[in-house]
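As structure tokens, the structure follows; a few thoughts come after it.
Since this is a predicted model, take the numbers as computed values, not measurements. As a basis for the values below, the full set of heavy atoms in this structure was taken, side chains included, without hydrogen atoms, waters or symmetry mates.
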Protein chains: 2
Amino acid sequence: MKTEHLCAIENAVKAVVGKEKINHFYFVACGGSLAFMMPAAFIFSREIEIPASYHPANEFVHMQPKALGKDSVVITCSHSGTTPETVKATEYARKQGALTIALTHVEDSPLAKAAEHPLHYDWGKEADSSDLNKGVLYSLIFRILDGLYPCDKYKKGIKSIDGLDAAMKKVREQYKDVTASWGKKYKREKLIYTMGSGADQGEAYSFAICLLMEMQWINASYIHSGEYFHGPFEITDFDVPFVIVKGLGSTRPLDERAYNFCSKYSEKIMLVDEKDFDMSDIEEEVREYFAPLLTGAVLRSFADALAYERGHDLGVRRYMWKMEY
Amino acid sequence: MKTEHLCAIENAVKAVVGKEKINHFYFVACGGSLAFMMPAAFIFSREIEIPASYHPANEFVHMQPKALGKDSVVITCSHSGTTPETVKATEYARKQGALTIALTHVEDSPLAKAAEHPLHYDWGKEADSSDLNKGVLYSLIFRILDGLYPCDKYKKGIKSIDGLDAAMKKVREQYKDVTASWGKKYKREKLIYTMGSGADQGEAYSFAICLLMEMQWINASYIHSGEYFHGPFEITDFDVPFVIVKGLGSTRPLDERAYNFCSKYSEKIMLVDEKDFDMSDIEEEVREYFAPLLTGAVLRSFADALAYERGHDLGVRRYMWKMEY
């Protein structure tokens with residue numbers, strides 16, 4: 001990780017740890033940036049007693065959570081740093097006295113200016129994974145955890161950021177042919193379901209709303225693996241396609257149960273089983289939390305394959321950034 | 001409301017208010033029962049500083065939230081009282097020392113036995129709305145709010161339960177022809193999107209996963225109105241159907257924005273605007289929180305119309321309750 005990124009993160013962590021009291025961690029963003037913060041809220045809820053929740057930025061601003069105030073920490077993210085809802089959420093949180101930390105690719109963007117602690121991240125294929133959005137977020141959250149509740153596990157989390165790039169490269173290589181074949185096989189699907197749970201909810205959600213709906217104009221629906229049996233499973237049939245993520249963490253039994261049932265009745269299952277990942281570059285104790293980042297790489301490569309097979313570039317939009325909305 | 005229901009609720013509220021400290025309200029259930037508790041978590045987050053969150057029961061048991069303990073209040077619900085995940089969640093919460101309150105239609109069911117405070121509710125068309133699941137839940141949450149932070153607004157919430165039945169009857173009558181025409185017009189749709197925000201998220205979610213997917217085998221996808229512009233809106237087209245709920249509460253601007261855009265590009269919008277409801281039987285200050293219950297009645301009547309037009313009874317299942325899963 002670049003020194004300038006690390007310095008900014010360490011400053012933000014110092015401010016968090018230096019607070020007299022923390023009543024709530026709010027993770028606030030929109031779309032893909034919201035999805036990428038979902039595992040952070042999950043990790044916090046599982047690891048520490050301070051409540052953590054994630055909110056669509058516009059809902060956060062309008063609902064005005066009662067607990068938000070000077071004891072709160074609000075972590076926001078927008079790639080361009082211009083997403084109006086996220087800028088507004090950050091400004092609102094800061095006005096309420098909360099400590100604000102904002103991740104963005106664009107320095108001096110409105111979001112970077114709105115937050116007390118702007119954190120810059122790199123973008124593009126040349127960047128090391130530790131300097132990309134997910135690397136910076138994970139570095140931040142494991143340092144916050146270790147700052148508040150110092151222990152070996154969180155130090156291993158911090159250390160594992162250095163192994164992320166190697167792990168990502170391996171998983172991309174491992175799934176190259178698999179995702180290419182999925183692209184070929186499923187390119188004519190009109191609707192694809194995605195399922196995940198625990199720290200993987202964000203990846204299953206963002207694959208549905210960003211990669212499929214936004215970037216491929218393919219209808220999609222995200223289902224929580226634990227909710228599948230309480231309604232959604234009735235639409236399962238031989239020709240209904242599902243992307244299923246089996247996580248490594250405590251909620252893996254939910255994913256396994258959903259997969260076991262679903263694969264009996266659907267002939268179109270795309271399974272991403274994190275047990276198959278080579279995670280030797282990541283410390284064992286925190287692999288369950290890092291695996292979703294690798295799942296993200298696999299699903300991205302599947303989206304690339306779909307785009308290629310369908311001649312529908314991932315950059316094409318009909319509404320986004322093209323008009324007022 | 002029946003005296004026996006009221007007594008049980010008041011006992012539970014006494015136990016909540018009598019706690020030395022409350023660190024978290026957890027609303028835990030599966031599918032439709034989870035959806036019906038979503039507004040409760042929203043109302044708490046907006047009204048009071050004690051954190052509140054909702055969780056699929058199976059995720060709750062496996063993630064084992066760190067904050068769960070003797071200072072926590074866990075409210076669960078299962079209609080039959082037998083949903084294994086919800087029974088387990090209640091048992092787990094109680095074992096951790098949390099105060100457990102469980103809503104169920106079936107007295108002496110495993111869920112009723114698992115919770116310290118089982119609350120029974122009635123079912124069927126003859127029952128008064130105040131004695132049905134939503135009436136009992138709202139009675140519980142407004143009494144908890146008023147017990148912890150006594151004020152006129154929460155007393156108005158309690159009082160409004162008595163007006164619920166009349167309000168529900170009016171809204172059903174008002175939308176009878178509208179939902180019948182939707183059933184006719186949209187009976188051949190293969191996929192329907194639903195949108196809502198704030199206290200209406202649960203209704204938009206349960207219409208997708210329970211009414212459409214489970215009971216009509218129609219593909220569906222729930223989108224948060226605030227998230228629509230951050231990915232999902234790219235699938236909008238003239239022939240893509242959307243059920244949109246415009247709420248009365250603080251997040252109404254999100255719903256309005258989504259509706260305004262969506263209705264420009266889709267010719268298949270089913271709008272439920274809570275501003276059109278006759279809510280004279282509900283106190284003005286709490287109408288935003290009660291309106292989702294009326295929206296639920298409208299959407300149910302739409303589901304009835306779809307079932308009739310498609311000859312697909314709402315009670316038909318191919319997997320649920322028919323096999324091991």
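Residues B/Met63 and A/Thr251 come closest through the heavy atom pair N-CG2, 4.3 Å.
Under the 3.5 Å distance criterion, with hydrogens and angles disregarded, a donor-acceptor pair is assigned to the side chains of B/Glu85 and A/His230. Counting only N and O atoms by type, the side chains of A/Asn219 and B/Tyr193 include a donor and acceptor under 3.5 Å apart.
Among B/Ser33, B/Ala199, B/Gly69, B/Ala220, the residue with the largest count of heavy-atom pairs under 4.5 Å with chain A is B/Ala220. Listed options B/Phe233, B/Trp217, B/Phe44 were ranked by heavy-atom pairs under 4.5 angstrom with chain A; first place goes to B/Phe233. If you tally non-hydrogen atom pairs under 4.5 Å between each of B/Gly31, B/Gly231, B/Ala258 and chain A, the highest count goes to B/Gly231. Counting heavy-atom pairs closer than 4.5 Å to chain A, the top residue among B/Phe42, B/Tyr265, B/Tyr222 is B/Tyr265. Taking chain A as the reference chain and counting heavy-atom pairs below 4.5 Å, the highest number among B/Gly32, B/Pro253, B/Gly249 is found for B/Pro253. Ranked by non-hydrogen atom pairs under 4.5 Å with chain B, the options A/Met215, A/Glu227, A/Glu49, A/Gln64 are led by A/Glu227. The candidate with the highest count of non-hydrogen atom pairs below 4.5 Å against chain A, out of B/Asp237, B/Thr236, B/Val240, is B/Thr236.
With a 4.5 Å cut-off on non-hydrogen atoms, A/Ser225 does not touch chain B at all. The contact between B/Arg257 and chain A is made entirely by side chain atoms (from C-beta outward), counting heavy-atom distances below 4.5 Å. Within the 4.5 angstrom heavy-atom criterion, atoms from both the backbone and the side chain of B/Tyr325 approach chain A. Contact annotation for A/Glu288: neither backbone nor side-chain heavy atoms come within less than 4.5 Å of a heavy atom of chain B. Looking at A/Pro232, both its backbone and its side chain come within 4.5 Å of chain B, counting heavy atoms on both sides. Interface residue A/Ile218: only backbone heavy atoms are found under 4.5 Å from chain B.
Of residues 205-213 of chain B, those residues with a non-hydrogen atom less than 4.5 Å from any non-hydrogen atom of chain A are, in numerical order, B/Tyr205, B/Ile209, B/Cys210, B/Met213. Taking non-hydrogen atoms and a 4.5 Å limit, the residue list of residues 50-59 of chain A in contact with chain B, ordered by number, reads A/Pro51, A/Pro56, A/Asn58, A/Glu59.
At a threshold of 4.5 Å between non-hydrogen side-chain atoms, the residues B/Glu47 and A/Lys66 do not count as touching.
Atom NZ of A/Lys268 is surrounded by more than 12 heavy atoms from other residues, nucleotides or ligands within 6.0 Å.
A ring-centre distance under 6.0 Å is not found for A/Tyr319 and B/Phe229.
Side-chain atoms of B/Arg317 do not come within 3.5 Å of backbone N or O of A/Glu234 as any donor-acceptor pair.
Within the model, atoms OG of A/Ser221 and CD1 of B/Ile223 stand 9.0 Å from one another, a figure rounded to the nearest 0.5 Å.
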